[in-house]
Amino acid sequence: MGVLDRFEKGVENVMQSAFAKTFRSGVKPVELSSALKRECDARAAVVDRQRTVVPNEYVLVLSPLDIENVQAWGDDALAREFEDALHDHADRQRYSFVGPVAVRFEEDESLATGRYSVQSRSTRGPAAPAGNGNGQSRYPLLDIDGKRYHLTGTTTTVGRGTEADLTVDDTGVSRLHVRFERSEYGTILTDLGSTNGTFVEDQRIREVTLVDGNAITIGRTTILYWDGLPAAEDA
């Protein structure tokens with residue numbers, strides 16, 4: 001068992017103890033977290049040598065009593081914990097998501113207590129992972145710690161929290177830190193009231209229209225921005 005495996009096992013033991021009083025019967029959170037990771041692994045699809053895509057939306061179907069247990073603890077809080085765990089698992093396995101990760105719970109009255117199922121699907125969000133080519137596209141491009149994303153939606157948020165469209169593992173970044181908005185005048189970057197601020201070329205900004213090649217700093221993370229090609233030039 002590797003160091004990461006031992007660490008994860010320790011975390012699972014702590015979680016099991018913490019939830020023991022709430023979840024006196026039926027499924028346990030650690031069991032559900034493991035099931036989500038197995039579903040993620042089972043649905044992994046190799047796109048090319050550099051990228052393996054996995055589902056980003058998950059539904060845990062539970063019995064009535066297990067749903068009650070989840071709600072007693074706090075279903076929103078538990079879903080956020082599961083989403084964070086999926087992000088960590090994907091990082092370790094070098095998986096990519098095509099949209100923001102979301103976990104939700106559904107009740108199935110036909111299920112016996114302790115029985116559950118996991119459903120998953122890939123739903124494209126406002127940003128799509130870019131390949132390792134020259135990056136030319138009609139969509140603007142972001143490079144975040146070496147990972148590239150095309151801004152395919154009208155708006156794309158970046159932050160530390162799972163509610164952001166693109167998440168970064170940086171404690172200096174707010175949960176929802178910045179928003180990129182594509183407009184006819186270019187890409188507009190807006191700081192969303194972050195704690196540590198947003199800097200473009202070392203100048204603190206609240207809102208600015210980006211230009212090709214701008215370097216954006218949030219927390220300790222640097223984001224590189226490139227304009228998309230005009231539609232007529234898009235190959």
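Here the structure is a predicted model, which is why all the values come from computation and not from measurement.
- A 6.0 Å sphere centred on CG of D202 holds no more than 12 heavy atoms belonging to other residues, nucleotides or ligands.
- Atom-to-atom distance recorded for K147:NZ and S96:OG is 6.5 Å, nearest 0.5 angstrom.
- Distance alone, capped at 3.5 Å, places no donor-acceptor pair between the R94 side chain and the T52 backbone.
- R121 contributes no side-chain N or O that, together with a main-chain N or O of E57, makes up a donor-acceptor pair within less than 3.5 Å.
- For the pair V54/R43, no side-chain contact is recorded, criterion being any heavy-atom separation below 4.5 Å from C-beta on.
- By the 4.5 Å heavy-atom criterion applied to side chains, F82 and V101 are not counted as neighbours.
- The two atoms that bring P29 and L78 nearest to each other are CB-CD1, 4.2 Å, heavy atoms only.
- Within the 4.5 Å cutoff, the side chain of C40 has heavy atoms near those of the L86 side chain.
- Residues W73 and V103 are members of one and the same hydrophobic cluster, defined by side-chain heavy-atom contacts under 4.5 angstrom among Ile, Leu, Val, Met, Phe, Trp and Tyr.
- One finds the NE2 atom of H177 at 14.0 Å from the CG atom of L166 (value rounded to the nearest 0.5 Å).
- Looking only at side-chain heavy atoms (C-beta outward), L60 and V118 come within less than 4.5 Å of each other.
- With rounding to the nearest 0.5 angstrom, the CG atom of L141 is 7.0 Å from the CG atom of D143.
- Side-chain atoms of T157 come within 3.5 Å of backbone atoms of D165 as a donor-acceptor pair (strictly under, hydrogens ignored).
- A heavy-atom distance below 4.5 Å is not found between the side chains of E106 and I67.
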Problem - Pair L62-L111, side chain to side chain contact (heavy atoms under 4.5 Å, CB included): steps then yes or no - result: CA-CA 7 Å; L62 306 173; L111 286 176; 5.6 Å; no
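- Looking at heavy atoms from C-beta onward, L192 lies out of side-chain contact with S174 at the 4.5 angstrom threshold.
- Counting only heavy atoms from C-beta outward, the side chains of E39 and P55 never approach each other to under 4.5 Å.
- Contact check for R179 versus T156: no side-chain heavy atoms found under the 4.5 Å cut-off.
- Note that CG of L224 is 9.5 Å distant from CG of D145, once rounded to the nearest 0.5 Å.
- Across all non-hydrogen atoms, the minimal contact from I188 to S183 is CD1-OG, 3.9 Å.
- When all heavy atoms are compared, the tightest approach of D191 to V178 is CA-CG1, 4.3 Å.
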Practice task
Take I223 and I218 through the side chain to side chain contact (heavy atoms under 4.5 Å, CB included) test and state the conclusion after the steps.
Solution key: CA-CA 8 Å; I223 303 173; I218 57 174; 3.8 Å; yes
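- Applying the salt bridge (Lys or Arg N to Asp or Glu O under 4.0 Å) test to R80 and every residue at least two apart in sequence or in another chain returns E83.
- No continuous path of ILVMFWY side-chain contacts below 4.5 Å connects L176 to I144, so the two sit in separate hydrophobic clusters.
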Handout entry: Test log, rule side chain to side chain contact (heavy atoms under 4.5 Å, CB included), inputs D66 and L32
Key = CA-CA 11 Å; D66 287 317; L32 295 178; over 6 Å; no
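- With D170 contributing its side chain and T221 its backbone, the two residues share a donor-acceptor pair below 3.5 Å.
- Applying the side chain to side chain contact (heavy atoms under 4.5 Å, CB included) test to E68 and every residue at least two apart in sequence or in another chain returns L65.
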What donor-acceptor contacts under 3.5 angstrom involve side-chain atoms of residues 206-217, with partners at least two apart or in another chain?
{"from": "E207", "atom 1": "OE1", "to": "T190", "atom 2": "OG1", "distance (Å)": "3.1"}
{"from": "D212", "atom 1": "OD1", "to": "D227", "atom 2": "N", "distance (Å)": "2.8"}
{"from": "N214", "atom 1": "OD1", "to": "V211", "atom 2": "N", "distance (Å)": "2.9"}
{"from": "N214", "atom 1": "ND2", "to": "E201", "atom 2": "OE2", "distance (Å)": "3.3"}

Exercise for the section: Give the C-alpha distance, both sets of side-chain angles, the deciding distance and a yes or no for side chain to side chain contact (heavy atoms under 4.5 Å, CB included) between Q71 and F105. Expected result: CA-CA 10 Å; Q71 292 172 342; F105 305 96; over 6 Å; no
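- Residues R204 and G197 approach most closely at NH2-CA, 3.3 Å, considering heavy atoms.
- Nearest heavy-atom pair, R220 versus G172, reported as atom, atom and distance to 0.1 Å: NH1-N, 4.1 Å.
- A continuous path of ILVMFWY side-chain contacts below 4.5 Å connects L151 to V200, so both sit in one hydrophobic cluster.
- Ring geometry for H89 versus Y95: interplanar angle over 60°, hence perpendicular rather than tilted (30 to 60°).
- Counting all heavy atoms, side chain and backbone alike, T155 lies closest to E181 at CG2-CG, 3.9 Å.
- Looking only at atom types and distance, the side chain of D108 has a donor-acceptor partner in the side chain of S110 under 3.5 Å away.
- Taken from CD in E107 to OG in S63, the straight-line distance is 8.0 Å, to the nearest 0.5 Å.
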